[in-house]
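So that the names make sense, note that chain A is the first sequence line, chain B the second, and so on, each numbered from 1. It should be emphasised that the depicted structure is a prediction, and the values quoted were computed from it without experimental measurement.
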Number of protein chains: 2
Amino acid sequence: MIPDDAPLLIGNLLLGALQPRDRALLAPHLEARECRRGEVLFEAGEDVSFISFPTGSTVAALVIAMRDGRTVEVATVGHEGAIGGVVSQGSLPAFSRAVVQIAGPVLRLETQRLQETKAASPALRNLFTRYADCLLAQVLQAVACNALHPIEERCARWILGLQDRLDSEVLPITHELLADLLGVQRSYLTRTLKSLQQQDLIQVRRGRIVVCNRAALEAKACECHGAVKRHFETVLGALCGPSAPPVALSPTRRRAF
Amino acid sequence: MIPDDAPLLIGNLLLGALQPRDRALLAPHLEARECRRGEVLFEAGEDVSFISFPTGSTVAALVIAMRDGRTVEVATVGHEGAIGGVVSQGSLPAFSRAVVQIAGPVLRLETQRLQETKAASPALRNLFTRYADCLLAQVLQAVACNALHPIEERCARWILGLQDRLDSEVLPITHELLADLLGVQRSYLTRTLKSLQQQDLIQVRRGRIVVCNRAALEAKACECHGAVKRHFETVLGALCGPSAPPVALSPTRRRAF
DNA sequence: CGCCGTTTGTGCACAATTGCACAGACAGCC
DNA sequence: GGCTGTCTGTGCAATTGTGCACAAACGGCG
């Protein structure tokens, strides 16, 4: 059992935004787990029995695999949200696989418990509905982004998104993995990263990417990152933003998600 | 006021799948409207005060516009679903624009009415949650599809989707419009359509596309169309499928959506 | 019938991206 | 300190898609 105000619990913005009373309803049922990179939270077609709340710098992703084996990330979730049955909320089969991309601590909750608690608390219901709306917005934007924007811009966008969630300049990811997530060819992605490096936006290291000029990277990225972030701020900002309980990160570096 | 069993009302699969009792809760608040092609149901950023149920062969789309003016369709909704606040369900700002693509009758309902009715009926809540899950699945698949599949396959997929909703071989759409929806160049789309025509899958006419070999078109299309359709059948099939009230279409030609 | 605006067809240069092959570099481990 | 497996860099041909210009075809309307 986790204390209501445990840092772990507050390390997820959704959970952190709850009133102490609502948080107390969930806390007894939350299970802390450490997830490794690559760990599959649920597989496409499976019933989703747990909802996971990444905390700290843990990041998970919804991934769709095609018959030919190629995969793409279709949604990313960090400590700003939750993964699994966010929309369906029942015992429906998952449409996509969920994979841990950046290892770290996660809080798990049985889907059914969440359902019960939602029934009991309008504020909690409201919060999750708002998050679902944001998740959908993120995915809608990704559809458009993949249709219209060249890889370099999408790559820059993706780096920004990961940095927001990690809150660090150093992103532990290989070209290979990033290429898979973007759904592009590894060798071309290497060239793209090198191009970004030549523009002094990032530095490419073995197994990691270092952001050295965030502002310029934002300028290089497509507008999609900003559009989604703005929606999060509009819809969840008052709840998870500045007025939310402080997170264990240096204040000047806190971001919306 | 619309009678509970009016053909118009049953012409939307979601409304048609409701128990007569639940349908009676909504019916008094439904407003029938005729929509023209191009009509904007709501604009991005606006609060969504109405939810619209396309009936018959009316088709609407969620569209995202980029700063440079280019647009893409990010979700399509026909008589299998509903558009507007399906997920957010509250008075949150819409993330994307909603546009009528194929003119026809639509039933409108104030978002707030739907909220009230949901509060009163678990079955209705369940149905809408299921639909929201399917909508999300459709969008997730579109993210992957746009990332991985060449235009010809996506084009074939799109044609199948429209045909499902229209239930006709003849699709009233111009190259120009279709290119906008897919987010590709008109001149290239013309070539793509011609290629599909040369394979005897479709016939290209001025202002319309005629499907002449559905099966072969399905083979040419990417797997995405099938994957989404399967999810609809799994999640909504028992409700909106064969066991649902008959729709005014010839039985052999009925499709899942 | 003939005109006119819209829609479609096509040519061409070139940019973006794939696909594949292979060399080199790094980091951890024994 | 050297081996080994993973990760990164790069060369090159082929394909896919863009961007633009302009001609041709169609169909409704007066």
Side-chain angles (χ1 to χ4, degrees), chain A residues 36-38 66 68-72 101-103 144-159 170-199 202-210 220-222, chain B residues 36-38 66 68-72 101-103 144-159 170-199 202-210 220-222:
Chain A
R36 302 178 314 283
R37 150 166 290 167
M66 295 292 172
D68 66 6
R70 287 191 298 168
T71 60
V72 213
Q101 300 296 357
I102 305 289
C145 186
N146 284 348
L148 296 177
H149 297 146
I151 294 180
E152 184 164 305
E153 292 179 19
R154 273 156 52 197
C155 179
R157 179 199 171 191
W158 195 95
I159 292 172
V170 182
L171 317 181
I173 191 159
T174 64
H175 298 186
E176 179 82 40
L177 180 51
L178 181 48
D180 265 12
L181 295 177
L182 291 173
V184 304
Q185 191 133 327
R186 199 274 310 162
S187 68
Y188 188 66
L189 184 71
T190 294
R191 288 173 241 249
T192 303
L193 288 171
K194 209 176 149 231
S195 158
L196 292 175
Q197 179 169 34
Q198 277 162 359
Q199 296 166 64
I202 61 171
Q203 284 203 314
V204 179
R205 296 272 169 280
R206 189 187 175 81
R208 63 216 136 95
I209 293 168
V210 183
K220 175 64 60 179
C222 53
Chain B
R36 301 178 315 283
R37 149 165 291 166
M66 296 292 172
D68 65 7
R70 286 192 297 169
T71 61
V72 213
Q101 300 296 357
I102 305 288
C145 187
N146 283 348
L148 295 176
H149 298 146
I151 295 180
E152 184 165 303
E153 292 179 19
R154 273 157 52 199
C155 180
R157 178 200 173 194
W158 196 95
I159 292 172
V170 182
L171 316 180
I173 192 162
T174 64
H175 299 186
E176 178 80 42
L177 181 51
L178 180 49
D180 265 14
L181 295 177
L182 291 173
V184 304
Q185 193 133 325
R186 199 274 309 164
S187 68
Y188 189 66
L189 184 71
T190 293
R191 287 172 241 249
T192 303
L193 288 172
K194 207 174 150 230
S195 158
L196 292 175
Q197 180 168 34
Q198 278 162 359
Q199 297 165 64
I202 60 171
Q203 284 203 312
V204 179
R205 296 273 169 280
R206 189 186 176 81
R208 63 215 136 96
I209 294 168
V210 183
K220 174 63 60 177
C222 52

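What separates CZ of B:Arg206 from C1' of C:dT7 is a distance of 4 Å, to the nearest Å. One can place CD of A:Glu152 at 15 Å from P of C:dA15, the figure rounded to the nearest angstrom. B:Asn146 places its CG atom 16 Å from the C1' atom of C:dT17, with the value rounded to the nearest Å. Atom pair B:Ile173:CD1 and C:dT6:C1' shows a separation of 16 Å (rounding to whole Å applied). In this structure, NE2 of B:His149 is placed 17 Å from P of C:dT17, rounded to the nearest angstrom. Rounded to whole Å, the distance from CZ on A:Arg186 to P on C:dG19 is 14 Å. A straight line from CG of A:Leu182 to P of C:dT18 spans 10 Å, rounded to a whole angstrom. As a whole-Å value, the separation of B:Arg208 CZ from C:dT8 P is 10 Å.
Closest approach of B:Arg37 to B:Ala103, counting heavy atoms only: N-CB, 3.5 Å. Nearest heavy-atom pair, B:Cys155 versus B:Leu196, reported as atom, atom and distance to 0.1 Å: SG-CD1, 4.1 Å. Of all heavy-atom pairs spanning B:Arg70 and A:His149, the tightest one is NH2-CD2, 4.4 Å. Of all non-hydrogen atoms in B:Asn146 and A:Ala147, the two that sit nearest each other are ND2-CB, 3.7 Å. Counting all heavy atoms, side chain and backbone alike, A:Glu152 lies closest to A:Thr192 at CA-CG2, 3.5 Å.
When the nearest nucleotides of DNA chain C are assigned to B:Glu176 and A:Arg70 by heavy-atom distance, the more 5′-ward of the two goes with B:Glu176.
Contacts of residues 189-198 of chain A with DNA chain C (heavy atom under 4.0 Å): A:Arg191.
Here the range on DNA chain D touched by chain A, meaning any atom under 4.0 Å from one of its heavy atoms, is D:dG5 to D:dC12.
A:Leu177 places a side-chain heavy atom less than 4.5 Å from the side chain of A:Gln101. Within the 4.5 Å cutoff, no side-chain heavy atoms of A:Gln203 are placed close to those of A:Ile209.
Counting only residues at least two apart or on different chains, no salt bridge (charged side-chain N to carboxylate O under 4.0 Å, His left out) pair has a member in residues 176-195 of chain A.
Backbone-only engagement by B:Arg205 is indicated by non-hydrogen atom pairs under 4.0 Å involving sugar-phosphate atoms exclusively.
Within the 3.5 Å criterion, the main-chain N or O of A:Ile173 finds no donor-acceptor partner in the side chain of A:Arg208.
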